[in-house]
Chemist: 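Sharing a structure here in structure tokens format.
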Amino acid sequence: MNKDLKESSAVIKSETSFKERLWVIIPVTLLIGLISTLVYNHHAEFSWNAFIGGFNQEFLIFFCIGIFAQLVDGTLGMGYGATSTSFLLAYGIPPAISSTGVHVAEMFTTGASAISHHRFGNINKKLVKHLLIPGVLGSIAGAYLLSDVIDGDAIKPFIAVYMIALACIIIRKAMQKNIIKKKTKRLGILASFGGFMDAVGGGGWGPIVTSTLLGRGRNPRYTIGSVNAAEFAVSFASGITFMIFGGIQGWQVIIGLILGGVIAAPIAALLVNKIKRKPMMILVGILIIVLSLRTLSKLL
């Protein structure tokens, strides 16, 4: 009898261990497959001369943007797209290239972030499952519209205004006091809207989804970790959609954001419970507003 119980317990532990490993295996497998596909399809663009020539002052700027944006996103659970897109638009990068670059880079940075948050035990798997499919569908729809239907230059001022609105949401959530925990309804609609606006605007998944969940009184640690984990699938879906319908442009932007983000991801996951959220959220919100106003001033 004891032997049967031990065998049964060993089988359960083995199944649980395998399911836990899937949270690392799936992102790693998808990322390896993505890298292989990109290298195979664009090998001519990865020549040694192009590689060396790409490491200039512009690359360093994109690299620093990647580090800063991922530190913001990993510690606050929001702001990667909003922060990086605001910087890129202010620097003069067109909306389509900015959004494509941010989302292709996020395919890597969110994968690293998801693995890091899983490593530090910051993920609520039930919440991730509720956000995953609706978020992916919304992001695919948004990416398709931006890459194949909407004129990126025409909507550039609207994106800047949208970024200001996101910044105001971040600041308002930071200023909230005495948050009463409430049951979050219609998670699917929230995730779909967040995924759609994230793809079209180049950011919004975190400010829309994370801020709503935190505003409902959910635990910051598990909310941030779970939303970041779901964001990997959302970014992967929109990134693939951009590749299919719009191709890939701006390799220097993408590589700089990827390297900066991957380096910063484990640091951000470690700092998620150690950084003071309120001043950081206010600072990030103000920064996004300033950058967006600078973009608008160039267009008007």
Side-chain angles (χ1 to χ4, degrees), residues 16-35 66-84 102-140 143 187 190-191 194-195 198-199 203-211 213-214 218-241 254 257-273 275:
T16 303
S17 178
F18 177 71
K19 288 179 180 178
E20 286 294 319
R21 286 200 297 270
L22 282 177
W23 287 85
V24 176
I25 292 171
I26 291 174
V28 169
T29 303
L30 288 173
L31 290 177
I32 291 173
L34 175 63
I35 293 170
I67 290 178
F68 181 70
Q70 186 57 44
L71 284 173
V72 169
D73 188 76
T75 52
L76 300 182
M78 64 182 82
Y80 182 90
T83 304
S84 53
V102 168
H103 285 89
V104 173
E106 278 190 311
M107 294 163 80
F108 294 89
T109 58
T110 54
S113 184
I115 292 169
S116 300
H117 278 295
H118 179 266
R119 170 68 180 80
F120 293 110
N122 299 338
I123 293 177
N124 179 330
K125 297 178 180 65
K126 187 177 179 181
L127 178 58
V128 173
K129 290 174 183 176
H130 281 299
L131 297 174
L132 208 60
I133 295 176
V136 164
L137 294 177
S139 69
I140 290 173
L187 276 173
L190 175 67
D198 186 79
W205 173 257
I208 291 169
V209 179
T210 304
S211 64
L213 295 177
L214 291 178
R218 282 183 173 264
N219 182 292
R221 173 185 174 186
Y222 295 110
T223 298
I224 292 169
S226 303
V227 173
N228 268 261
E231 191 176 13
F232 170 65
V234 172
S235 298
F236 208 92
S238 58
I240 292 294
T241 306
I254 294 169
L257 293 177
I258 288 173
L259 291 179
V262 169
I263 289 170
I267 301 170
L270 182 63
L271 293 175
V272 71
N273 266 343
I275 197 167

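Predicted, not measured: the structure shown is a model, and the values here were computed from it.
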Chemist: How close do Gly81 and Val102 get, counting heavy atoms only, and between which atoms?
Modeler: CA-CG1, 4.0 Å
Chemist: Quick one: side-chain contact (heavy atoms from CB on, under 4.5 Å) partners of Ile67, sequence neighbours excluded?
Modeler: Phe63, Leu71, Ala264
Chemist: Check Ala237 against Thr241 and note the closest heavy-atom contact, atom names and distance.
Modeler: O-OG1, 2.7 Å
Chemist: What is the distance from atom CG of Asn124 to atom CZ of Arg221, rounded to the nearest 0.5 Å?
Modeler: 11.5 Å
Chemist: Minimum heavy-atom separation for Val128 and Ala229, please, with both atom names.
Modeler: CG2-CB, 4.1 Å
Chemist: In the structure I gave you, are the side-chain heavy atoms of Tyr80 and Leu257 within less than 4.5 Å of one another anywhere?
Modeler: yes
Chemist: Rounded to the nearest 0.5 Å, how far apart are CG of Leu213 and OH of Tyr222?
Modeler: 15.5 Å
Chemist: Which pair of non-hydrogen atoms, one from Ala143 and one from Ser238, has the smallest distance, and what is that distance?
Modeler: CB-O, 3.7 Å
Chemist: Can you confirm whether Leu131 sits close enough to Val234 that some side-chain heavy atom of one is under 4.5 Å from a side-chain heavy atom of the other?
Modeler: no
Chemist: I need the Leu132 CG to Leu127 CG distance, nearest 0.5 Å.
Modeler: 10.5 Å
Chemist: Once rounded to the nearest 0.5 Å, what's the spacing between atom CD1 of Ile140 and atom CZ of Phe236?
Modeler: 11.5 Å
Chemist: Is there a side-chain contact between Ile263 and Gln70 (heavy atoms, below 4.5 Å)?
Modeler: no
Chemist: Tell me every residue that passes side-chain contact (heavy atoms from CB on, under 4.5 Å) with Ile208, counting only those two or more places apart in sequence or in another chain.
Modeler: Tyr162, Leu166, Leu190, Phe193, Met197
Chemist: Search all heavy atoms of Val104 against all heavy atoms of Phe108 and return the closest pair with its distance.
Modeler: O-CD1, 3.4 Å
Chemist: Run the side-chain contact (heavy atoms from CB on, under 4.5 Å) test against Pro134 and tell me which residues pass, sequence neighbours left out.
Modeler: Ala191, Ser192
Chemist: With sequence neighbours excluded, what pairs up with Phe68 under the side-chain contact (heavy atoms from CB on, under 4.5 Å) test?
Modeler: Val72, Thr83, Phe87, Leu287
Chemist: Closest approach of Ala199 and Ser139, non-hydrogen atoms and distance?
Modeler: CB-O, 3.4 Å
